[in-house]
Protein chains: 2
Amino acid sequence: MVKRTGTGIYYSNKEETLAKYAKALAHPVRIRILQFLESQACCFTGELTVEIPLAQSTISQHLKELKDAGLIQGDLMPPRVKYCINKKAWTEAKQVFVSFFDYSS
Amino acid sequence: MVKRTGTGIYYSNKEETLAKYAKALAHPVRIRILQFLESQACCFTGELTVEIPLAQSTISQHLKELKDAGLIQGDLMPPRVKYCINKKAWTEAKQVFVSFFDYSS
DNA sequence: TTTATTCATCGCAAACCTACGATTGAGGAC
DNA sequence: GTCCTCAATCGTAGGTTTGCGATGAATAAA
């Protein structure tokens, strides 16, 4: 099965998936957020704005990208939002990376 | 040991390294190039321009990014350049991703 | 109803990325 | 020396990302 971009090149699902997860991890702030979530199971946006010295809007944006990539999920707990790692996507991401790096050696 | 960006945030070497490798993998063309190198051990730029329907300059640019990230190396074989995967960096990248994804579960 | 809290979203500026064609440079072949 | 080939680099256009402050929506508390 294939998909395309704006260049006339077709990519496999595996290639698209790997690129999607890699893009999500391509910014150190998002890595920091994910590490925090790894250590806490879940957290609120507010905890991150304390932990990370960036504007609240900026952190919210990074959370959105992680959510769009599927790596995290947000549960409404008004007036707050509780974010957790999406374990299914997490496992998939890990597998995709490992199988990519596992060639001959 | 720490490093910084333009925001006043300091990141660990691990965070920087992971972000660096993730960024290199964040474009499907670069994934395609690395897969090709995995299957061939080595290749010339010219083979990639046949394999991938993009301008030679564009492919050269992607190769430069992979080289800057350390994932590949280019050996001069005039008038061509032979690219191979840098196994040391490849192994490091794999470890960095695996250890990132290996938390509790 | 009014107020306070929390977080998402909007709008903007600066920086960065991706693609291209054109040019340049390094070597070999002649 | 002059050509030829291969690939890197330059310059540029358009798109995307990253940051910010300001605004908005939703709910709880008063």
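Letters A, B, ... mirror the listed sequences (proteins, then strands); counts begin at 1. The structure presented is a predicted model; accordingly, all values stated were derived computationally and were not measured.
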Worksheet item: With the 4.5 Å side-chain cut-off for hydrophobic clustering, are A:Tyr11 and B:Val50 part of the same group?
Response: no
Q.
Using side-chain heavy atoms (C-beta onward) and a distance below 4.5 Å, is A:Cys43 in contact with A:Leu48?
A. yes
So, with a heavy-atom separation below 4.0 Å from DNA chain D, the residues of residues 39-54 of chain B are B:Phe44, B:Thr45, B:Gly46
B:Lys82 atom NZ is separated from D:dA8 atom P, nearest whole Å, by 15 Å
Between CG of B:Asp75 and P of D:dC6 the distance, given in whole Å, is 19 Å
B/S/- along nucleotides 22-30 of chain C (protein heavy atoms under 4.0 Å) is B----S---
Worksheet item: Has the side chain of B:Thr91 got a donor or acceptor atom that lies under 3.5 Å from a matching backbone atom of B:Lys87?
Response: yes
Residues of residues 58-74 of chain A with a heavy atom under 4.0 Å from any atom of DNA chain D, listed by number, are A:Thr58, A:Gln61, A:His62, A:Glu65
Legend entry - B:Thr58 (side chain) donor-acceptor with B:Leu54 (main chain) under 3.5 angstrom: no
Checklist line | N/O (side chain, A:Lys23) to phosphate O (OP1/OP2, D:dT16) under 4.0 Å | finding: no
Interatomic distance, CH2@A:Trp90 vs CD1@A:Ile85, rounded to 0.5 Å, equals 4.0 Å
In whole angstroms, the gap separating C1' of D:dC20 from CD1 of B:Ile9 amounts to 13 Å
Please list every donor-acceptor pair under 3.5 Å in which a side-chain atom of residues 20-37 of chain A meets a protein atom from a residue at least two apart or in another chain.
residue, atom, partner, partner atom, Å
A:Tyr21, OH, A:Glu92, OE1, 2.5
A:His27, ND1, A:Val29, N, 3.0
A:Arg30, NE, A:Ala24, O, 2.8
A:Arg30, NH1, A:His62, ND1, 3.0
A:Arg30, NH1, A:Glu65, OE1, 3.2
A:Arg30, NH2, A:Lys23, O, 3.2
A:Arg32, NE, B:Glu15, OE2, 2.6
A:Arg32, NH2, B:Tyr10, O, 2.6
A:Arg32, NH2, B:Glu15, OE1, 2.9

Applied to residues 40-50 of chain B, the salt bridge (charged side-chain N to carboxylate O under 4.0 Å, His left out) test, sequence neighbours excluded, yields none
Numerically ordered, the residues 24-31 of chain A set in heavy-atom contact under 4.0 Å with DNA chain C is none
Value for CD (A:Gln61) from CG (A:Leu66), rounded to nearest 0.5 Å, stands at 11.5 Å
